[in-house]
Amino acid sequence: MRTRLARLYQKGDLRIETDTVAAPGPGEVLLKMAAAGICGSDLHYYQDGGFGPVRVREPIIPGHEASGMVSQTGEGVDLKAGTLVAVNPSQPCGHCEYCQKNMPIHCLEMRFMGSAMRLPHEQGMFREWLVVPARQCFEVGAATTAAEAACSEPLSVCLHAASRAGDITGKRVLVTGAGPIGALAVAVAAYYGASEIVVTDLADAALDRAKAMGASRTINVSKDAPALAEYEAGKGYFDLVFECSAAAPAIRGAIAVIRPRGTIVQVGVTGDVPIPLNAIVGKELQLHGTQRFHEEFATAVELISSRKIDVRPIISHSLPLEQADAAFILAGDRAAACKVQLTF
């Protein structure tokens, strides 16, 4: 069998090609891919050739947010043909030191689909047909669309970020950056009972989507920076910050408006950024990193399937695989797009 796919060779060089697909072996599933989202890391690969120390060093098929329809199964798989599934791109080894310590996110042999972190790179899901282990396939609800199912991965990221934050019930929350991850962080904070959710960004369109996801207030800091500064009174106002922009001004602003002993969860990723350590020390802040997810993927599928978290407001565009280059360009326009997905 042959499959069409999108392969990135270097910055800005994305090509539609064909390749062979093997039949599924024992424990494997052949999927007819349905929808796949362009993530921020995919966009960094396309626009910049990578982010921080992670660089595209060989041709890679991007894509780690996807759903597909079961077409054929190997021996020992009980998924039925025609079942729509969300695909978990994470493949920890299960045997290394961190897997044995129940920290599979930090697996020493992690294979994460569509990631350029390792060499050879792990190939991703921007392809028409894909064979994956059945354990990576999670059946979604009957009323769930392929586009919604493909949002399971980014929602998982935000659910794991919330687990790093501790109890969110009744907390005053600031979300900096209202891209797809920031918007989903808003939805997660609302789901877990935050009493107030303020969101900052530079784009009105992004802030409008944050409102649709449950924000109490939005602030365009490029137009109204004093509106955020008012929260600095009394050593700060917010109990918790989800920092989703990875922009140095946003990080400094978050530190200024969080109360003493508050918690900052750093969700956004970039290279080195200067931060005011004196303020972190003086306020006795808790600063948590967060990366990927594990058990949260199953939770994300359930929340999307039940629409306890409605991801539809962030899905802005769907383009066919043949228009992948145009889709990446569109995904980079924050005034026009939020979550751009490829369809197959």
Side-chain angles (χ1 to χ4, degrees), residues 1-7 16-39 42 61-92 94 104 111-115 122-157 159 292-309 311-312 315 318-322 324 339 341-344:
M1 178 185 289
R2 304 287 291 178
T3 182
R4 296 172 303 150
L5 54 84
R7 182 177 277 125
I16 305 301
E17 301 179 342
T18 60
D19 207 342
T20 57
V21 181
E28 292 183 330
V29 177
L30 172 65
L31 298 176
K32 173 63 172 68
M33 301 306 289
I38 297 175
C39 175
D42 300 321
I61 303 170
H64 56 264
E65 310 175 0
S67 63
M69 201 74 71
V70 175
S71 177
Q72 185 180 343
T73 59
E75 182 182 350
V77 177
D78 60 5
L79 285 169
K80 295 180 180 179
T83 300
L84 180 65
V85 298
V87 185
N88 185 342
S90 180
Q91 304 177 66
R111 297 177 59 199
F112 195 91
M113 299 178 74
S115 171
E122 291 298 326
Q123 301 303 312
M125 294 190 269
F126 288 168
R127 37 184 153 176
E128 186 179 22
W129 294 92
L130 176 67
V131 173
V132 292
R135 66 178 179 274
Q136 290 177 240
C137 298
F138 290 73
E139 184 174 352
V140 301
T144 307
T145 66
E148 290 174 277
C151 292
S152 298
E153 194 275 348
L155 180 56
S156 302
V157 168
L159 290 170
R292 297 177 179 166
F293 51 85
H294 186 63
E295 63 271 14
E296 292 89 358
F297 195 88
T299 305
V301 171
E302 190 280 324
L303 290 172
I304 289 174
S305 294
S306 63
R307 291 209 177 119
K308 292 176 182 175
I309 290 183
V311 297
R312 290 174 293 178
I315 303 168
S318 296
L319 282 77
L321 176 65
E322 288 81 6
K339 177 56 66 181
Q341 294 181 337
L342 297 176
T343 57
F344 305 88

Using the rule given for side-chain contact (heavy atoms from CB on, under 4.5 Å), can you reason through W129 versus K32, listing the C-alpha separation, both sets of side-chain angles and the distance that settles it, and then say yes or no?
CA-CA 5 Å; W129 294 92; K32 173 63 172 68; 3.6 Å; yes
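- Between R127 and D19 no salt bridge is recorded (no basic side-chain N to carboxylate O distance below 4.0 Å).
- K80 pairs by the salt bridge (charged side-chain N to carboxylate O under 4.0 Å, His left out) definition with nothing, not counting sequence neighbours.
- Of all the heavy atoms in F126 and G63, the pair that sits closest is CE2-CA, 3.5 Å.
- Taking the side chain as every heavy atom from C-beta outward, Q72 and V29 never approach each other to under 4.5 Å.
- Between F293 and T299 there is no side-chain heavy-atom pair separated by less than 4.5 Å.
- Separation of atoms CE (M33) and OG1 (T343) is listed at 12.0 Å; rounding is to 0.5 Å.
- Across all their heavy atoms, K339 and I38 have their closest contact at NZ-O, 3.1 Å.
- Among all heavy-atom pairs drawn from A6 and I16, the shortest one is CB-CD1, 4.0 Å.
- When side chains are defined from C-beta on, D42 counts as touching H64, because their heavy atoms get closer than 4.5 Å.
- Between L31 atom CG and F344 atom CZ the span is 11.5 Å, to the nearest 0.5 Å.
- Remark: L79 CG to M69 CE distance equals 12.5 Å, nearest 0.5 Å.
- Panel note: side chain S152, backbone A300; no donor-acceptor pair is recorded below 3.5 Å.
- Here CZ of R312 is found 3.5 Å from CZ of R307. Values are rounded to the nearest 0.5 Å.
- Taking both residues in full, the closest heavy atoms of E65 and C39 are given as OE2-CB, 3.2 Å, listed atom of the first, atom of the second, then distance.
- Between atom OG of residue S67 and atom CD of residue E153 there is a gap of 12.5 Å, rounded to the nearest 0.5 Å.
- R7 and I61 make their closest contact through NH2-CD1, 4.0 Å (heavy atoms, listed as atom of the first residue, atom of the second, distance).
- Taking CD from Q123 and OG from S115, the interatomic distance works out to 10.5 Å, rounded to the nearest 0.5 Å.
- In this structure, R292 has no salt bridge (charged side-chain N to carboxylate O under 4.0 Å, His left out) partners at least two apart in sequence or on a different chain.
- By the side-chain contact (heavy atoms from CB on, under 4.5 Å) test, E302 is found to be paired with S306, K308, residues two or more places apart in sequence or in another chain being considered.
- When the salt bridge (charged side-chain N to carboxylate O under 4.0 Å, His left out) test is applied to R135, no partner is found at least two apart in sequence or on another chain.
- In this structure E28 satisfies the salt bridge (charged side-chain N to carboxylate O under 4.0 Å, His left out) test with no other residue, sequence neighbours excluded.
- In this structure a side-chain-to-backbone donor-acceptor pair under 3.5 Å is present from Q341 to A147.
- At distances below 3.5 Å, at least one donor-acceptor pair connects side-chain atoms of Q136 with backbone N or O atoms of N88.
- Residues satisfying the side-chain contact (heavy atoms from CB on, under 4.5 Å) test with S305, not counting sequence neighbours, are V140, T144, V301.
- The side chain to side chain contact (heavy atoms under 4.5 Å, CB included) test with P24 singles out one residue from V132, L30, V70, and that residue is L30.
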